[in-house]
A.B. asks: 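Here it is, the structure in full.
Below, chain A is the first sequence line, B the second, and so on; all start at residue 1.
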2 protein chains.
Amino acid sequence: MNLQQLRYLRETVRRDLNLTAAALALHTSQPGLSKAIRELEDELGITIFVRHGKRLTHLTDAGRDVLAIVERILLEIDNLKRSSMNWHDAQTGELRIAATHTQARYSLPPAIARLRTQYPEVTVRLHQGSPTQIVEMIRSGQVDLGIATEAIGQQADLDSEDLFCWYHCVIALPSHPLCQLAEVSLEALAEHDLITYDPQFAGRGHIDRAFNEHRLKPRIVLEATDSDVIKTYVRLGLGVGIVSELAFSEDDEAEGSTMATDRLVRLPIDRPFARNLTRVAFLHGRILRRYEQALIDAMKH
Amino acid sequence: MNLQQLRYLRETVRRDLNLTAAALALHTSQPGLSKAIRELEDELGITIFVRHGKRLTHLTDAGRDVLAIVERILLEIDNLKRSSMNWHDAQTGELRIAATHTQARYSLPPAIARLRTQYPEVTVRLHQGSPTQIVEMIRSGQVDLGIATEAIGQQADLDSEDLFCWYHCVIALPSHPLCQLAEVSLEALAEHDLITYDPQFAGRGHIDRAFNEHRLKPRIVLEATDSDVIKTYVRLGLGVGIVSELAFSEDDEAEGSTMATDRLVRLPIDRPFARNLTRVAFLHGRILRRYEQALIDAMKH
DNA sequence: CTTGCTTACGAGACTCGTAATAATT
DNA sequence: AATTATTACGAGTCTCGTAAGCAAG
């Protein structure tokens with residue numbers, strides 16, 4: 001038995017039991033991969049894959065057990081390298097992060113800037129996706145860390161840490177009727193066209209829940225995954241925006257646009273939607289590089 | 001990197017950093033082992049061992065980290081084989097048990113007898129030792145399961161399961177003065193010569209504690225690790241015995257000896273010592289063979 | 001008839017053991 | 001002087017890639 005066989009097995013499963021695709025991904029030959037897997041099966045004395053003639057169709061029960069153990073072994077092999085790098089060369093490396101737009105655009109930049117001064121030799125790669133896509137990217141090893149507000153805390157195969165909390169805020173053009181009110185209520189909000197996040201994203205669940213609890217039916221005329229897109233449509237006068245407070249600052253508005261009538265303003269409303277908790281997640285049991293931990297610490301507040 | 005290097009590293013540490021001894025244990029050559037370890041260090045980019053000239057003196061900090069991960073990897077490699085065997089040939093194998101004398105002599109026999117009918121192809125090897133020795137035998141991989149009443153539950157690197165509870169009983173020759181009493185008290189016991197277990201063994205702690213709580217100083221004239229040895233000296237008239245109730249049955253006494261005056265009897269005393277819990281332990285995270293789980297289940301009651 | 005797994009075979013790499021060397025205790 | 005690790009080197013093994021074969025959709 002050797003590690004190569006285990007890597008081959010994992011990749012074959014990841015590529016949906018297509019040996020050709022797995023061989024390609026592993027930069028090796030299909031026959032070699034085929035042989036390696038058969039040898040592993042022989043040595044363990046079990047069949048891992050059910051074969052229909054010459055096609056692999058699915059995993060056996062034994063194969064599922066074996067695969068789970070193999071995943072753990074390869075994770076620990078990776079930990080061996082990571083831990084060694086932490087001792088030998090803690091400064092250099094690669095940091096692949098998956099985050100939602102809001103995190104990538106608003107909460108990550110200062111943390112990454114800080115990281116770049118602490119660890120100038122570390123290459124940072126930023127991927128974007130929905131929370132569920134982020135979870136998949138972590139699982140498949142495409143990224144090291146995932147940052148999101150939804151879906152990321154309750155995965156059994158991921159470890160996670162709390163980063164920070166935030167609330168939604170409500171924004172509109174100064175000319176909007178709601179801007180006349182001294183205090184805006186949820187009821188008032190429900191009477192206007194609203195623009196906010198796609199259901200998967202950025203605490204949208206909390207928004208729907210708040211309206212539901214007040215037995216209100218909000219008129220959401222536009223959904224987007226991206227705070228900037230939402231703000232753009234609010235500027236066009238399509239409605240009132242509900243975005244993460246991370247994504248809105250009246251100072252930035254003042255800088256950005258020249259005309260005061262274009263500047264979005266925050267409506268006076270007292271945190272109508274529940275608190276959101278942004279978390280970072282990574283593979284369960286994975287040892288973190290020092291710079292990974294540094295990034296996480298830099299984002300905590 | 002390959003698994004051989006990891007096995008070599010573990011064995012070297014187990015043999016106190018003596019490459020010659022490790023090479024011997026691994027049935028390989030010293031130079032090969034030396035080279036393998038240097039190559040592992042090179043590949044990981046760290047030094048694992050501090051060297052004084054040509055001697056390995058101790059582990060580096062990085063080495064300690066690496067070793068912990070290597071132990072986990074090798075455990076999982078072992079799990080791969082064990083899990084496969086559970087699917088492919090659940091009937092055959094080897095079962096190495098470490099137990100104290102009392103367990104080996106009194107509680108294990110029926111369970112092992114049952115196991116032998118369920119799994120006639122399994123070879124059972126029985127080792128004896130003190131609870132701390134048993135823990136060491138599990139740690140070093142000399143045995144698969146350890147069974148004892150002391151020391152075995154609170155090891156962080158071992159998993160364990162409760163098996164059963166038992167109490168101590170007090171035994172004496174029928175001619176002993178205490179046999180005249182309708183009920184024996186702890187105070188009465190403290191006035192006679194006592195024979196019981198060595199401090200490490202079979203719940204001796206509970207015996208001392210009970211006397212202490214009653215501010216009594218028992219006269220323990222003989223200590224042994226072995227219930228049978230204790231019974232033998234009780235038969236010789238050296239004193240009153242305190243043994244596990246597992247190790248004493250008046251029926252067995254009736255069968256064993258012909259003369260009624262030789263038969264030990266249980267004194268009427270109402271469980272003066274705290275309950276003992278016998279547990280089974282094995283390496284943390286180790287997958288159990290089916291027959292191992294069967295033995296454990298057979299011992300639970 | 002295309003896609004995809006397996007078998008066959010040979011060049012190159014690698015492993016591992018022996019012998020010699022060097023450094024501690 | 002004895003013990004123990006490292007270096008050198010070569011025989012045997014193993015890995016892995018190419019080419020050919022063959023089964024399934």
Side-chain angles (χ1 to χ4, degrees), chain A residues 1-60 62-63 66-67 70 73-74 77 80-81, chain B residues 1-60 62-63 66-67 70 73-74 77 80-81:
Chain A
M1 180 166 21
N2 57 44
L3 293 173
Q4 195 83 309
Q5 293 169 324
L6 307 188
R7 288 193 197 96
Y8 284 8
L9 170 59
R10 177 176 65 178
E11 194 61 34
T12 301
V13 175
R14 284 199 177 155
R15 303 279 163 180
D16 290 322
L17 281 58
N18 181 329
L19 289 189
T20 310
L24 212 63
L26 291 162
H27 307 294
T28 185
S29 69
Q30 190 197 65
L33 197 154
S34 175
K35 188 146 179 280
I37 287 182
R38 290 209 101 107
E39 283 172 352
L40 180 63
E41 288 182 310
D42 285 351
E43 181 170 350
L44 293 179
I46 57 170
T47 65
I48 296 172
F49 297 112
V50 177
R51 292 168 172 82
H52 253 222
K54 289 204 168 188
R55 307 286 166 114
L56 312 189
T57 59
H58 54 98
L59 277 168
T60 61
V66 160
L67 186 72
V70 166
I73 293 171
L74 294 175
I77 290 287
L80 210 49
K81 294 174 191 156
Chain B
M1 180 167 19
N2 56 46
L3 293 173
Q4 196 82 308
Q5 294 170 324
L6 307 188
R7 289 193 198 96
Y8 284 7
L9 170 60
R10 176 177 66 177
E11 194 61 35
T12 300
V13 175
R14 284 201 176 153
R15 303 279 163 180
D16 290 322
L17 281 56
N18 180 328
L19 290 187
T20 310
L24 213 64
L26 291 162
H27 308 293
T28 186
S29 70
Q30 193 195 65
L33 197 154
S34 175
K35 187 146 180 279
I37 287 181
R38 290 210 102 106
E39 283 172 351
L40 181 62
E41 288 181 311
D42 285 352
E43 181 169 351
L44 293 179
I46 57 170
T47 64
I48 295 171
F49 296 112
V50 177
R51 291 168 172 81
H52 256 219
K54 289 206 167 188
R55 306 284 165 117
L56 313 190
T57 59
H58 54 98
L59 278 168
T60 61
V66 160
L67 186 72
V70 166
I73 294 171
L74 294 176
I77 290 288
L80 212 48
K81 295 173 190 156

A.B. asks: For the residue pair B:Leu6 and B:Ile77, establish whether any side-chain heavy-atom pair is separated by less than 4.5 Å.
C.D. replies: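 No - every pair of side-chain heavy atoms lies 4.5 Å or more apart.
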
A.B. asks: Can a side chain N or O of B:Thr28 be found less than 4.0 Å away from OP1 or OP2 on C:dC16?
C.D. replies: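 The answer is no; no side-chain N or O of B:Thr28 sits under 4.0 Å from OP1 or OP2.
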
A.B. asks: How close or far is atom P of C:dT2 from atom CG of A:Asn18, stated in whole angstroms?
C.D. replies: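 Going from CG in A:Asn18 over to P in C:dT2 covers 18 Å.
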
A.B. asks: Within the 4.5 Å heavy-atom criterion, are A:Leu59 and A:Phe49 side-chain neighbours or not?
C.D. replies: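 Side chain of A:Leu59 against side chain of A:Phe49, heavy atoms only: contact under 4.5 Å found.
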
A.B. asks: Both B:Leu17 and A:His52 contact DNA chain D. Taking the nearest nucleotide for each, which residue is further toward the 5' end?
C.D. replies: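 Closest to the 5' end, via its nearest nucleotide, is B:Leu17.
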
A.B. asks: In whole angstroms, how far is the P atom of D:dT15 from the CD1 atom of A:Ile37?
C.D. replies: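 Interatomic distance, CD1 of A:Ile37 to P of D:dT15: 15 Å.
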
A.B. asks: Does A:Arg38 put a side-chain nitrogen or oxygen below 4.0 Å from OP1 or OP2 of C:dT6?
C.D. replies: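 The answer is yes; a side-chain N or O of A:Arg38 sits under 4.0 Å from OP1 or OP2.
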
A.B. asks: Touch check for A:Gln4, heavy atoms < 4.0 angstrom, all strands: base, sugar-phosphate only, or nothing?
C.D. replies: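 Sugar-phosphate only.
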
A.B. asks: Assess whether one donor atom and one acceptor atom, taken from the side chain of B:Arg55 and the base of C:dT25, lie less than 3.5 Å apart.
C.D. replies: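 In this structure, the two groups form no donor-acceptor pair.
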
A.B. asks: Whole-Å distance between C:dT15 C1' and B:Leu40 CG?
C.D. replies: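 Atom CG in B:Leu40 sits about 16 Å away from atom C1' in C:dT15.
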
A.B. asks: What's the OH-P distance between B:Tyr8 and C:dT15, to the nearest Å?
C.D. replies: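 Rounded to whole Å, this separation is 10 Å.
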
A.B. asks: Hey, is the side chain of A:Arg51 poking within less than 4.0 Å of OP1 or OP2 on D:dA23, counting only N and O atoms?
C.D. replies: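 Result: no.
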
A.B. asks: Would you say that B:Leu80 contacts A:Met1 through its side chain, given a criterion of any heavy-atom pair below 4.5 Å between the two side chains?
C.D. replies: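 Of all side-chain heavy-atom pairs linking A:Met1 with B:Leu80, at least one is under 4.5 Å.
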
A.B. asks: Can you tell me the distance, in whole Å, between the NZ atom of A:Lys54 and the P atom of C:dC5?
C.D. replies: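 Taking NZ of A:Lys54 and P of C:dC5, I get 10 Å after rounding.
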
A.B. asks: Could you tell me if the side chain of B:Ile46 sits less than 4.5 Å from the side chain of B:Val66, heavy atoms only?
C.D. replies: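 Contact flag for B:Val66/B:Ile46 side chains = yes.
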
A.B. asks: Do A:Leu9 and A:Leu74 have side chains that approach each other closer than 4.5 Å (heavy atoms only, starting at C-beta)?
C.D. replies: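 The answer is no, as the side chains (C-beta and beyond) never meet within the 4.5 Å cut-off.
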
A.B. asks: In this structure, how many angstroms lie between the P atom of C:dT3 and the CG atom of A:Asp16, rounded?
C.D. replies: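 Atom CG in A:Asp16 sits about 18 Å away from atom P in C:dT3.
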
A.B. asks: When you match A:Glu39 and A:Gly53 each to their closest nucleotide on DNA chain D, which lands nearer the 5' end?
C.D. replies: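 That would be A:Glu39.
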
A.B. asks: Figure out the NZ/P separation between B:Lys35 and C:dT18, and round it to whole Å.
C.D. replies: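 Checked: the NZ to P distance equals 15 Å.
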
A.B. asks: Please work out if A:Gly32 contacts a base, only the sugar-phosphate, or nothing of the nucleic acid, heavy-atom cut-off 4.0 Å.
C.D. replies: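 No contact.
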
A.B. asks: Checking contacts here: which listed nucleotide (C:dG17, C:dT24, D:dA5) is nearest the side-chain heavy atoms of B:Thr20?
C.D. replies: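 Taking heavy atoms from C-beta onward, the closest nucleotide is D:dA5.
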
A.B. asks: Establish, with yes or no, whether the OP1 or OP2 oxygen of C:dC16 is under 4.0 angstrom from a side-chain nitrogen or oxygen of B:Ser29.
C.D. replies: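 The answer is no; no side-chain N or O of B:Ser29 sits under 4.0 Å from OP1 or OP2.
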
A.B. asks: Expressed in angstrom and rounded to an integer, what is the separation of B:Asn2 atom CG from D:dC16 atom P?
C.D. replies: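 Rounded to whole Å, this separation is 12 Å.
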
